[in-house]
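Worth saying up front: this structure is predicted, and the values here are computed from it rather than measured.
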Amino acid sequence: YDGITFVVTERSRATFRVREQLALIPLPHQADMRTTALSGEIHFDGRPSVIEIDLHQLSSGQNLRDGYVRRAMFPDHPKATFTLENVASLPPGFAEGEDSKSRIDGVLNISGEDFPLRFNITAQDKGDAVTIVGRTRFTWEELGIKPPTAGVVLTLDDEVEVRIRLTVKPIR
């Protein structure tokens with residue numbers, strides 16, 4: 001993979017999940033917001049890799065929640081960027097079809113501020129593409145974000161789970 005640039009394809013997606021309790025629903029449930037609006041490049045040879053997520057494209061299927069995220073949480077900063085200084089922690093030349101597990105540290109830039117994040121990842125070489133599945137958790141406080149509030153939200157967990165599935169293809 002030395003010197004090869006892999007680009008994020010349209011088959012990539014990100015999911016943000018938090019447990020919430022709404023006024024009109026008797027039991028707590030998971031609130032998921034998803035997007036396929038990811039772009040960027042991955043380098044497996046030690047060069048920095050950058051993934052961009054369009055936060056204004058996050059969708060939960062609930063217009064009030066989606067509008068709140070756009071207008072109240074990220075009105076002036078619709079893009080978040082995750083920079084990985086070195087994805088080379090994957091074993092060199094991992095075999096096609098086999099999973100490779102690793103932890104990758106990076107920096108999330110959200111609303112103009114930088115925050116360190118660590119992802120547990122599983123990568124798989126599919127032959128014509130590489131699939132990378134990453135998971136992490138953070139608290140609102142760790143990212144300096146005020147937890148969302150709205151009239152129908154009774155409680156909201158402090159911890160947010162993030163799942164990112166990247167499908168990346170080499171540029172030849």
Side-chain angles (χ1 to χ4, degrees), residues 5-43 48-85 87 103-123 129-169:
T5 296
F6 289 78
V7 294
V8 175
T9 71
E10 69 282 348
R11 294 190 342 232
S12 301
R13 70 177 177 269
T15 302
F16 297 82
R17 174 176 283 176
V18 67
R19 194 162 177 80
E20 69 180 4
Q21 172 72 51
L22 301 178
L24 303 174
I25 300 174
L27 298 174
H29 70 280
Q30 299 288 347
D32 288 355
M33 295 200 76
R34 295 181 174 91
T35 185
T36 57
L38 288 89
S39 60
E41 296 181 347
I42 298 289
H43 305 281
S49 299
V50 178
I51 307 298
E52 185 177 86
I53 299 173
D54 185 340
L55 301 172
H56 282 194
Q57 296 301 313
L58 284 167
S59 176
S60 67
Q62 298 292 323
N63 289 337
L64 290 175
R65 181 184 294 125
D66 299 350
Y68 184 89
V69 167
R70 289 182 195 97
R71 289 186 307 277
M73 293 184 70
F74 307 110
D76 302 322
H77 300 280
K79 308 279 186 191
T81 304
F82 188 63
T83 303
L84 303 146
E85 287 303 318
V87 185
R103 285 192 177 159
I104 295 183
D105 293 318
V107 175
L108 175 69
N109 183 283
I110 191 165
S111 297
E113 301 287 331
D114 289 338
F115 302 94
L117 276 184
R118 171 175 282 177
F119 275 85
N120 291 318
I121 68 161
T122 302
V130 174
T131 301
I132 303 166
V133 177
R135 294 176 185 226
T136 193
R137 294 177 183 268
F138 60 80
T139 64
W140 300 106
E141 184 179 349
E142 287 172 335
L143 295 190
I145 297 174
K146 184 179 175 189
T149 57
V152 297
V153 177
L154 295 178
T155 61
L156 188 68
D157 277 6
D158 192 40
E159 190 171 75
V160 178
E161 178 185 354
V162 180
R163 296 179 185 184
I164 295 182
R165 184 183 199 290
L166 299 176
T167 300
V168 297
K169 290 193 169 196

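In this structure, the separation between CD1 on Ile51 and OG1 on Thr83 is 9.0 Å, given to the nearest 0.5 Å. In this structure, CG on Leu38 lies 10.5 Å from CZ on Arg13, to the nearest 0.5 angstrom. For the atom pair Met33 CE and Leu55 CG, the distance stands at 9.5 Å (nearest 0.5 Å). Considering CZ of Arg135 and OG1 of Thr122, their distance stands at 8.0 Å, rounded to 0.5 Å. For the atom pair CG (Leu108) and CD (Glu142), the distance works out to 11.5 Å, reported to the nearest 0.5 Å. The CG atom of Leu117 sits 12.5 Å away from atom CD1 of Ile104, with the distance rounded to the nearest 0.5 Å.
For Arg11, the CZ atom is loosely surrounded, since the number of other residues' heavy atoms within 6.0 Å does not exceed 12.
Residues Phe82 and Phe119 place their aromatic rings such that the two centres sit under 6.0 Å apart.
The main-chain N or O of Asp54 is never found under 3.5 Å from a side-chain atom of Gln57 such that the two would form a donor-acceptor pair. With His56 contributing its side chain and Phe74 its backbone, the two residues share a donor-acceptor pair below 3.5 Å.
Partners of Arg17 under the salt bridge (Lys or Arg N to Asp or Glu O under 4.0 Å) rule, at least two apart in sequence or in another chain, are Asp32.
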Do any side-chain atoms of residues 160-169 form donor-acceptor pairs under 3.5 angstrom with protein atoms, and if so which ones, sequence neighbours left out?
unit_1: Glu161; atom_1: OE2; unit_2: Arg163; atom_2: NE; d: 2.7
unit_1: Glu161; atom_1: OE2; unit_2: Arg163; atom_2: NH2; d: 3.0
unit_1: Arg165; atom_1: NH1; unit_2: Thr167; atom_2: OG1; d: 3.3

Output, in order, the C-alpha distance, side-chain angles, deciding distance and verdict of side-chain hydrogen bond (donor to acceptor under 3.5 Å, both in side chains) for Asn120 and Arg103.
-> CA-CA 5 Å; Asn120 291 318; Arg103 285 192 177 159; 2.8 Å; yes
CA sep, side-chain torsions, deciding dist, call: Asp66, Leu64, side-chain contact (heavy atoms from CB on, under 4.5 Å) = CA-CA 6 Å; Asp66 299 350; Leu64 290 175; over 6 Å; no
Please walk me through it: do Asn109 and Thr81 pass side-chain hydrogen bond (donor to acceptor under 3.5 Å, both in side chains)?
-> CA-CA 5 Å; Asn109 183 283; Thr81 304; 5.5 Å; no
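The nearest pair of heavy atoms linking Met73 to Ser111 is O-OG, 4.5 Å. For Val107 against Asp114, the heavy-atom pair with the smallest separation is CG1-CB, 3.6 Å. In terms of heavy atoms, Asp105 sits closest to Arg118 at OD1-NE, 2.7 Å. In terms of heavy-atom proximity, Thr5 sits nearest to His43 at OG1-CE1, 3.1 Å.
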